[in-house]
Amino acid sequence: MRITILQTDIQWGDREANARDAERLMREAEGSDMYVLPEMWSTGFATDPDGMAEHDGLSLAWMRRMAEKTGAAVCGSVAVATGEDGKETFRNRFYFAKPDGSVECYDKRHLFSYGGEQHHYTAGEQRTVVTYGGMRWLLLVCYDLRFPVWSRYRGDYDGIIYVANWPVPRIGVWDLLLKARAIENQAVVVGVNRVGSDPYCHYSGHSAVIDAKGRVLAADDSGRAMAITAEVDIAELAAFRRKFRVLDDRD
């Protein structure tokens, strides 16, 4: 399976510009089976959703169009406004759009309290595992990376996708935990982070695809917007899990 990370320099609150930039990177990496965008790829990480969260579904509509156009899955999170129990609520929602027009989603479970995300958004309550490309993918968002119990393999996935806006001061933690989640779960890990700056933080990327042994298959730490592509072999993963049966002894 061919996976491409879209490590974008997100323009604050400018959905059209961010869609154009993502599409340009997709053209540079034609032929992939899956394209992965960062957290809140269309706006930047907005802890206050006022004026930023989507009511119209335009970002999702773009993702679905691109999935159909490229014949590949397109995924990433978006700040969305939803009507629940007669009132407006907000979710940091990870969409996974497939070429056949279907969409699956996951709402971020661990809201970033250090930045006040929990004051504006409603946390998700259920894990989402998507089957695509002959693999099962657990969808997770940014801060979820710090919580190994929520990420824990339950016999239900082959890979984890983390989409993030993870800032420079804590980038060493990002690098370390991506490898830890891959090794402890014997899973492929795709970690997608943005570059550039928003009104609050600076970001340096460090996006990576890591195999179940903790080996980096593809990565970038240049701080530049780019497409990063790796080939993932599900047969190789399955053989490793059969041979070295660590998961049989998990708690």
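This one's a predicted model, so the numbers in the text were calculated from it and none came from an experiment.
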Output, in order, the C-alpha distance, side-chain angles, deciding distance and verdict of salt bridge (Lys or Arg N to Asp or Glu O under 4.0 Å) for Arg2 and Asp33.
CA-CA 5 Å; Arg2 189 174 177 84; Asp33 301 300; over 6 Å; no
Distance check, rounded to the nearest 0.5 Å: His120 atom NE2 versus Asp48 atom CG?
4.5 Å
To the closest 0.5 Å, what do you measure between CZ (Phe96) and CE (Met63)?
9.5 Å
Got more than 12 heavy atoms from elsewhere within 6.0 Å of CD, Glu16?
no
Are the side chains of Tyr153 and Leu138 in touch, meaning some heavy atoms are under 4.5 Å apart?
no
Test item: Asp56 and Arg15 side chains (from C-beta on) under 4.5 Å apart, heavy atoms:
yes
Over 60° means perpendicular and under 30° means parallel, so tell me whether Trp166 and Trp174 are parallel, tilted or perpendicular.
tilted
For the pair Glu39 (side chain) and Asn165 (backbone), establish whether a donor and an acceptor sit closer than 3.5 Å, ignoring hydrogens and angles.
yes
How far apart are the closest heavy atoms of Leu111 and Ala123, and which atoms are they?
CD1-N, 3.6 Å
Electrostatic pair Asp158:Arg241 at N-O distance under 4.0 angstrom
yes
Backbone N/O of Ala79 and side chain of Arg91: donor-acceptor pair under 3.5 Å
no
Ring-face cation contact, Tyr157 with Arg127, 6.0 Å cut, 45° max:
no
Could you report the tightest heavy-atom contact between Pro38 and Leu6, atom names first, then the distance?
CD-O, 3.4 Å
Would you check if there is a donor-acceptor pair between the side chains of Tyr162 and Ser151 at a distance under 3.5 Å?
yes
For the backbone of Arg136 and the side chain of Thr131, can you confirm whether one donor and one acceptor N or O come within less than 3.5 Å of each other?
no
Quick one: do Phe90 and Trp41 end up in the same hydrophobic cluster if we chain Ile, Leu, Val, Met, Phe, Trp and Tyr together by side-chain heavy atoms under 4.5 Å apart?
no
Does atom CG of Asp248 have more than 12 heavy-atom neighbours from other groups under 6.0 Å away?
yes
Correct closest heavy-atom pair for Tyr121 and Ala46 would be OH-O, 2.6 Å
Mark yes or no for whether His202, through its side chain, and Gly196, through its backbone, hold a donor-acceptor pair below 3.5 Å.
yes
Please lay out, stage by stage, how Arg181 and Glu184 fare under the test salt bridge (Lys or Arg N to Asp or Glu O under 4.0 Å).
CA-CA 5 Å; Arg181 297 294 90 85; Glu184 70 195 9; 2.4 Å; yes
Smallest separation among heavy atoms of Ala218 and Ile228, with atom names:
CB-CG2, 3.8 Å
When you measure from the side chain of Asp144 to the backbone of Val141, do you find a donor-acceptor pair of N or O atoms at a distance under 3.5 Å?
yes
With side chain to side chain contact (heavy atoms under 4.5 Å, CB included) as the criterion, how do Arg93 and Val78 come out once you've worked through the C-alpha distance, each side chain's angles and the decisive distance to 0.1 Å?
CA-CA 5 Å; Arg93 182 161 289 172; Val78 178; 5.7 Å; no
Can any side-chain N or O of Thr128 pair as donor or acceptor with the backbone N or O of Cys105 at less than 3.5 Å?
yes
Met66 and Tyr35, any side-chain heavy atoms less than 4.5 Å apart
no
Distance col, row Met52:CE vs Met40:CE, nearest 0.5 angstrom, shows 8.5 Å
For the backbone of Ser207 and the side chain of Asn193, can you confirm whether one donor and one acceptor N or O come within less than 3.5 Å of each other?
no
Once you round to the nearest 0.5 Å, how far does OG1 of Thr43 lie from CD of Gln11?
12.0 Å
With a 4.5 Å limit on heavy-atom distance, are the side chains of Tyr95 and Val80 in contact?
yes
4.5 Å side-chain heavy-atom contact, Lys179 and Val216
yes
With a 4.5 Å heavy-atom cut-off, do Arg152 and Arg250 have their side chains touching?
yes
Once rounded to the nearest 0.5 Å, what's the spacing between atom OG of Ser77 and atom CG of Leu140?
11.5 Å
Arg154 side, atom CZ; Asn185 side, atom CG - distance, nearest 0.5 Å:
10.5 Å
Is Phe244 linked to Ile210 within one hydrophobic cluster, defined over Ile, Leu, Val, Met, Phe, Trp and Tyr using a side-chain heavy-atom separation of less than 4.5 Å?
no
Measure the shortest side-chain to side-chain distance between Glu23 and Lys69 over non-hydrogen atoms and say whether it is less than 4.5 angstrom.
yes
Is it true that Asp198 and Tyr203 share a donor-acceptor pair across their side chains at a distance under 3.5 Å?
yes
Does any non-hydrogen side-chain atom of Leu37 lie less than 4.5 Å from one of Val74?
yes
Would you say Leu145 and Val173 are hydrophobically clustered, going by side-chain heavy atoms of ILVMFWY under 4.5 Å?
yes
Between Asn92 and Tyr143, a side-chain donor and acceptor under 3.5 Å
no
Does a donor on one side chain and an acceptor on the other come within less than 3.5 Å for His206 and Asp221?
no
If we ignore hydrogens and angles and just use 3.5 Å, is the side chain of Asn18 paired with the main-chain N or O of Ser42 as donor and acceptor?
yes
For Phe147, is the CZ atom crowded, meaning more than 12 foreign heavy atoms sit under 6.0 Å from it?
yes
With the threshold set at 4.0 Å, does a side-chain nitrogen-carboxylate oxygen contact exist between Glu28 and Arg24?
yes
Geometric cation-pi criterion Lys98 and Tyr132, 6.0 Å radius, 45° cone
no
Any sub-3.5 Å donor-acceptor pair from Arg194's side-chain atoms to Thr8's backbone N or O?
no
Taking all non-hydrogen atoms of both residues, which atom of Met34 and which atom of Val36 are closest, and how far apart?
CG-CG2, 4.0 Å
Would you name the heavy atoms of Arg109 and Gly124 that are closest together and state the gap between them?
CD-O, 2.9 Å
